[in-house]
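Below is one structure, written out as structure tokens; comments come after it.
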Amino acid sequence: MSTLKMRYTLTQSQKMMIFVLSMSLYGLSNMFTELIPSIQLGPVELSVEYFAFIPLTLCMLFHPLYAAVGAAVGEIIFGELMLGQFGGLGELEKFITFSLAMYTAGRMVSDPKNRRQVGVAAMIGVAIHQFLSSVVDIVKVWVGVEELEAVKGLAESIVVIEGVGFLNDVLFSGILFALLPTLYLVPRLYGKIEPLLGMKPRERNMKYASGTWLSPKLVIGGILLAAVALGAELVSESGWSIGEFELPWAESNEESMIWLSMLVAAVVAAVVIISLLRRAKRKGQQAGQLDA
Amino acid sequence: MDAVKRALDRISVEQIKLELLGTAYNSSSTFLGKLDPRTLLVWYLFFAIVPWFVYNRTILLGMFILMVITTVLSRVSPYILFILCFGLISQIGWLFLLSLFFGGGIESLLPMLTLTLKLSVISLASITVFSSLDPERLSDGLSSLGVPDMFAFSLSYGYRILPTLLEEFHQILLSFRLRGQRPLKHGWLYCRTAVYYLRIVVLVFYPLMLNTAKRSRTTIEALETRGFSYALNNPKVKKLKLSYLLMKWSDWLFLSGSCLYITLLFWLGYLHPNLLY
């Protein structure tokens, strides 16, 4: 076949170069952001949360998996261990959420010269990371406080604090230190930095050789579902009863309602599974044609 | 206004460099620092997980007392302790204020006090352990407990490359400042100056990325000529490297002492669950 699609493969040492590059750069920037003071306006904190543009840029230019993991390791080593403020197991959660978010952002970009794609991916990457870490913080308080139900207002207040923090981090830090620098850096560095590592630049629409199952769609979909679930849980906890509606005849035959909803769920699940299987099959056929 | 000025003074690059190098290369000779890294890591693992699931205040208080003792033993710098206390107090304080707003009362303070106790046990444990382990021993301990060797390598590499990176960052920053002009007026709340510096710090990363790319290629090529990735996957090399780790009698003493204390504590806690408020 003449139009054989090139796969983006790297040698072992090229992977390590990307890892080391991402680790040292993001680690260095992390040391500075740890030391830059923040402006506090009441519970709202205007702070330079992190220089997310560094891992974002590298994830878009190189293989996102190694760049993302490298950046997360760099944060732990430079920003935490060396400054003597290592949080232990809490860092594991940061590691996972951060690398997942950066990886997703990197995977979303198929053409580093396309500014709109780069910008959207940068913002989504930051939003995923901040959302996941606020959820983790909220869950921490819920696990840590025994009589959460008994304490009036605690559940709501933690959600408010985390929500404000989330908005601040996405809108303030996200735009200033993720979106704008990434838009500036990615098209400039593209084609310049890769030869220094002894590799070809990523070509347009190149496919990755590994990790294809963890697609951006899967991650974003999962997070949206988690958000919906969390929101529903919150609403039902606080008793605001926004999403609660009762059909007039539901009370009498609750049994049948349960069966009905189960049926609907089963149908939805079946449709999703069948469509996924079909898609996988089609993709497999295409790949087979390519390999032949 | 003074606070802003002081803060800006603090972020002179030279100052940061000194402070960082001081913290990073501070080798410890405390009692805890002489223990085997594996002992400390296992000990830490217990105190990082268990407090989350303990709601008994007597047990938590007992753990807290133990943590205070080990923190004193490991001579943690007062600066870090101050940051820790400040963080805990401000977080809990804001939570309390907002829960008042949502209709809670003074009685909502007590469960939050329990949370504070929990968080402080966990953070004191991590501070004690990780400030008394120097990087070399920490990475060896981690890799003997099964953490990927790549992490251990990154740790030593990070410590080695940090001074060079900082030097380079500083030089590029200075050249940017030489070629540009800083704002004539500081502006409202030093806004203009802050924006100017933040912009430069972001721009500096453009040349820095290119330079670091070159450097990491050299590093990896040098490593590969010495068979680094072969050694990384070879169990014999690992065994040879970790052969110096030895559990001494002081390690066993420390572990068994902690176990005894925790057992007694749980026993006491179930007898008197409400010793404290």
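Note that the coordinates shown come from a computational prediction; the quantities given were computed from them, not determined experimentally. Here is how names work: the chains are called A, B, and so on, in the same order as the sequence lines, proteins then strands, and each is numbered from 1. Just so it is clear, the values below take in all heavy atoms, side chains as well, and ignore hydrogens, waters and symmetry mates.
For an aromatic pair to be called close, the ring centres must be under 6.0 Å apart, and A/Phe51 with A/Phe177 satisfies this. Outside the 6.0 Å centre-distance limit, the rings of B/Phe205 and A/Tyr184 are not counted as a close aromatic pair.
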Please determine whether side-chain contact (heavy atoms from CB on, under 4.5 Å) holds for the pair B/Arg217 and A/Leu196, giving the CA-CA distance in whole Å, both sets of side-chain angles, and the decisive distance to 0.1 Å. CA-CA 7 Å; B/Arg217 182 179 186 187; A/Leu196 292 177; over 6 Å; no
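Using a distance-only test at 3.5 Å, with no hydrogens or angles considered, no donor-acceptor pair links the side chain of A/Ser173 to the main chain of A/Val170.
Relative ring orientation between A/Tyr50 and A/Phe98 is described as tilted, the plane-to-plane angle lying within the 30° to 60° band.
Heavy-atom distances place both the backbone and the side chain of B/Tyr206 under 4.5 Å from chain A. For A/Leu176, no part lies under 4.5 angstrom from a heavy atom of chain B. With a threshold of 4.5 angstrom between heavy atoms, B/Leu119 does not approach chain A through any atom at all. Both the backbone and the side chain of A/Met16 come within contact range of chain B, with heavy atoms under 4.5 Å apart. For chain B, the nearby parts of A/Ser29 are the backbone and the side chain; heavy atoms of each come within less than 4.5 Å. For a residue to count as touching a neighbouring chain, one of its non-hydrogen atoms must lie under 4.5 Å from one of that chain's; by this rule A/Leu185 touches chain B with the side chain only.
Counting heavy atoms from C-beta on, the side chains of A/Pro64 and A/Met102 never come closer than 4.5 Å.
For chain A, the option among B/Met209, B/Arg215, B/Lys214 with the highest count of heavy-atom pairs below 4.5 Å is B/Met209.
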